[in-house]
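Below, read A as the first sequence line, B as the second, and so on, with proteins coming before strands; counting in each chain starts at 1.
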Number of protein chains: 2
Amino acid sequence: MNPTIKDVARHANVSIATVSRIINGLPGYSEDTKKKVEEAIEALGYQPNAIARGLINKRTQTIGVLFPEVSGMLSSEVLEGVENAAHDGGFSVIVCNTASSGKRTVKYLRLLQEKRVDGIIFASEDVTEEYYKIFQEMKVPVVLVSTASHYELPFVRVNDFEGAFQATEYLINKGHKKIGMIGGSVNDPIAGVPRMKGFEEALLAHELPFSANHITTNEGYRFQNGKESLPILLEHLPEMTALFAASDEMAIGAMSAAHQLGIKVPEELSIIGYDNLKIAEMCYPALTTVSQPLKDMGQTAGDILVKLIKGKEKEAESRYMPFSIVERQSVSESRDK
Amino acid sequence: MNPTIKDVARHANVSIATVSRIINGLPGYSEDTKKKVEEAIEALGYQPNAIARGLINKRTQTIGVLFPEVSGMLSSEVLEGVENAAHDGGFSVIVCNTASSGKRTVKYLRLLQEKRVDGIIFASEDVTEEYYKIFQEMKVPVVLVSTASHYELPFVRVNDFEGAFQATEYLINKGHKKIGMIGGSVNDPIAGVPRMKGFEEALLAHELPFSANHITTNEGYRFQNGKESLPILLEHLPEMTALFAASDEMAIGAMSAAHQLGIKVPEELSIIGYDNLKIAEMCYPALTTVSQPLKDMGQTAGDILVKLIKGKEKEAESRYMPFSIVERQSVSESRDK
DNA sequence: GCGTTTTACGTAAACGTTTACGTTTTTATT
DNA sequence: AATAAAAACGTAAACGTTTACGTAAAACGC
């Protein structure tokens, strides 16, 4: 099959140890033999076998990434960042689609354990006790992205409470007083609760009324959720002039519903989203939104993981990434300012 | 570190051969010892080492997937399909972002070779001679998705000529006579030329005029390309009432430009796209488009690859996937029908 | 109860590397 | 020129499996 280090050694009339040394840049050979060996490698088209290396080095130069869905626009941007960082650090990445299923997640973790990955990026939902135990068993570094947990695991994410707070404040500063929110799930400690809390606190901080009527909650964060939420919200809050959606997809869903209802955006209803996905600038009117640096987040998570694997850092530093509000065309000044 | 098969053997008072047989379901042991061994496995929390297995079996149960960009919505849907099929077949997938760079692609192929992946899914651009040579060196099955080549490699894709032809015909059947196209690159033998050719042939088949003025070509297939193309096209073809874009992103870019120019879609300008990305149904008006079954394509490509690896099929069957036109709100009947 | 087949194991080599250790050769030192 | 030190290289064990082969015990046939 493929030529091995043995073949190279024979071809160059040296021992396999010498070949190995040359390949790995270790000292212990003359320039002459180095040239000979390199020629042999060239001649045979030798490629080191990473599997054999992995076996003896106990390092596979591979990391695993777990996502609840790989085709989501959010995940895919994060993934691109992770892949980038990994590649730069000399690692390959195995993608795992947990499909938000606990069973699948566990199955994948076991698989990654068998494959002896050197580290894990976990972008799926909550870290359950079961997952955490497996992490410990595996004894490899783990970094969370867009997630957190009450366990001591490094994470990379934005401050969702702050993001939501500022988004809401942005609307308030535009003169809006009747503001609604399309929220996520009350069971979601990451994107759900903090964003709703941020919304609420911003209203309260500016002495605007707040009640449960101001928020619709949803199971997911998809287009359809947003589309279905708008009518409900309008029923509870007929005089609403502005809207904060906990995700861009929901914001755009709401925009779509508004179009159908003949409500003009932003003239009659201002909408601000959350995420800054690529679609945010593609829809009409272009969506004003809270920008999460998704690709950067993936990249940073990857970088941190690589450092941890290489043992450069002992303690893992968590990172809150900066967010910003990118102004486009879906928000306007309130008329009754 | 982790317990090995040796530890299990010792713990159960048998040889490692027996343990191996039990793990792999091979015959050659009594029920009694099986139970003993299974208890030992349980007690020690033993996990087989896939690296050691890979070394001796010359099978890593891993495939590599090469994409020109992983965060593109097209790629990510395909990826999801691939991952699904791979997982079902007992394989992990390593993602590689070639970033449309030949250097990077080659580097990745070498890496995958070192890691001894069992197969490759190639979704990047053209298969150059260099790539093809590496494929042959690697001696692993390769399947192309959304691409083709003049080499003998199995592919999974839709018939782009036909798709474009029917998209155009769809507009014609709606009564449109002045139809323009926002096309891709003339150097792109996949999504570029065939779609433009299909457009042209459809026009000709219905005895409508055609000239170079009817098409703007672009380097890429992105939103921005479409947005910039519309004004150019309108200049060449002022009476245009309908438009075929070679990608959804470009179609939506054109829609965005139309909004800005005060052109009503679909009343004054009908637009049909190509791909059926998720954004197609999120924009306003929702985009009528040629649907490529992206996830399915990924899945099928994955299935074929797995079969090839397992040696169930000798000859690789290429597959043209069915496309369809999904009607939404961006196309209307022509007024001057 | 004896030979024969079958079943249930164990032994050891192999997969392709890395690396500790030993050996030989070269260079430096006096 | 003899000795010491350094450089250049080889030998062999190890990583954790699978598997061909061998052997002992059990089951079978008569």
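Ile23(B) is not listed as a side-chain neighbour of Val8(B), based on a closest heavy-atom distance of 4.5 Å or more. Lys36(A) has its side chain within reach of Val14(A): a pair of non-hydrogen atoms, C-beta onward, lies under 4.5 Å apart. At a threshold of 4.5 Å between non-hydrogen side-chain atoms, the residues Leu66(A) and Val95(A) do not count as touching. In this structure, Val145(B) and Phe155(B) have side chains that are not in contact, with every pair of non-hydrogen atoms separated by 4.5 Å or more.
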Notebook entry, point to check: Asp188(B) and Tyr221(B): side-chain hydrogen bond (donor to acceptor under 3.5 Å, both in side chains), yes or no, with the steps?
Noted result: CA-CA 11 Å; Asp188(B) 176 356; Tyr221(B) 296 80; 2.6 Å; yes
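Contacts between residues 40-62 of chain B and DNA chain C, counted as heavy-atom distances below 4.0 Å, involve Leu55(B), Ile56(B), Lys58(B). Residues of residues 7-25 of chain A having a heavy atom closer than 4.0 Å to DNA chain C, listed by number: Ile16(A), Ala17(A), Ser20(A), Asn24(A). The stretch residues 26-38 of chain B touches DNA chain C through Gly28(B), Tyr29(B), Ser30(B), Thr33(B), each having a heavy atom within less than 4.0 Å of the strand.
The distance from atom NZ of Lys103(A) to atom OG1 of Thr98(A), rounded to the nearest 0.5 Å, is 14.0 Å. The distance from the OG atom of Ser146(A) to the CG atom of Leu74(A) is 5.5 Å, given to the nearest 0.5 Å.
For Glu77(B), there are no salt bridge (Lys or Arg N to Asp or Glu O under 4.0 Å) partners two or more places apart in sequence or in a different chain. For Lys34(B), the salt bridge (Lys or Arg N to Asp or Glu O under 4.0 Å) criterion is met by no residue, not counting sequence neighbours. Glu152(B) is linked by a salt bridge (Lys or Arg N to Asp or Glu O under 4.0 Å) to nothing, counting only residues two or more places apart in sequence or in another chain. When the salt bridge (Lys or Arg N to Asp or Glu O under 4.0 Å) test is applied to Arg319(B), the partners found at least two apart in sequence or on another chain are Glu317(B).
The existence of a salt bridge linking Glu83(A) and Arg104(B) is confirmed by a sub-4.0 Å separation between a basic side-chain nitrogen and an acidic carboxylate oxygen. A salt bridge links Arg157(B) with Asp160(B): at least one charged nitrogen is closer than 4.0 Å to a carboxylate oxygen.
The distance between atom CD1 of Ile5(B) and atom P of dC15(C), rounded to the nearest whole Å, is 19 Å.
Within the structure, no pair that satisfies the ring pair (Phe, Tyr, Trp, His ring centres under 6.0 Å) test touches residues 18-65 of chain A, not counting sequence neighbours. Residue pairs meeting the side-chain hydrogen bond (donor to acceptor under 3.5 Å, both in side chains) criterion with at least one member in residues 52-65 of chain B, sequence neighbours excluded, are Lys115(A)-Thr62(B), Asn24(B)-Arg53(B), Thr60(B)-Asp118(B).
Judged by distance alone, the side chains of Asn97(B) and Tyr108(B) never bring a donor and an acceptor atom under 3.5 Å apart.
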Which protein N or O atoms sit under 3.5 Å from an N or O of nucleotides 22-24 of chain D?
none

Using nucleotides 25-27 of chain D, report all nitrogen or oxygen pairs with the protein that are shorter than 3.5 Å.
none

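Aromatic rings of Phe135(B) and Phe122(B) (six-membered ring for Trp) have centroids within the 6.0 Å cut-off, being under it.
Taking five base pairs at each end of the helix from dG1(C)-dC30(D) to dT30(C)-dA1(D), the local helix axes there meet at an angle of 30°, rounded to 10°.
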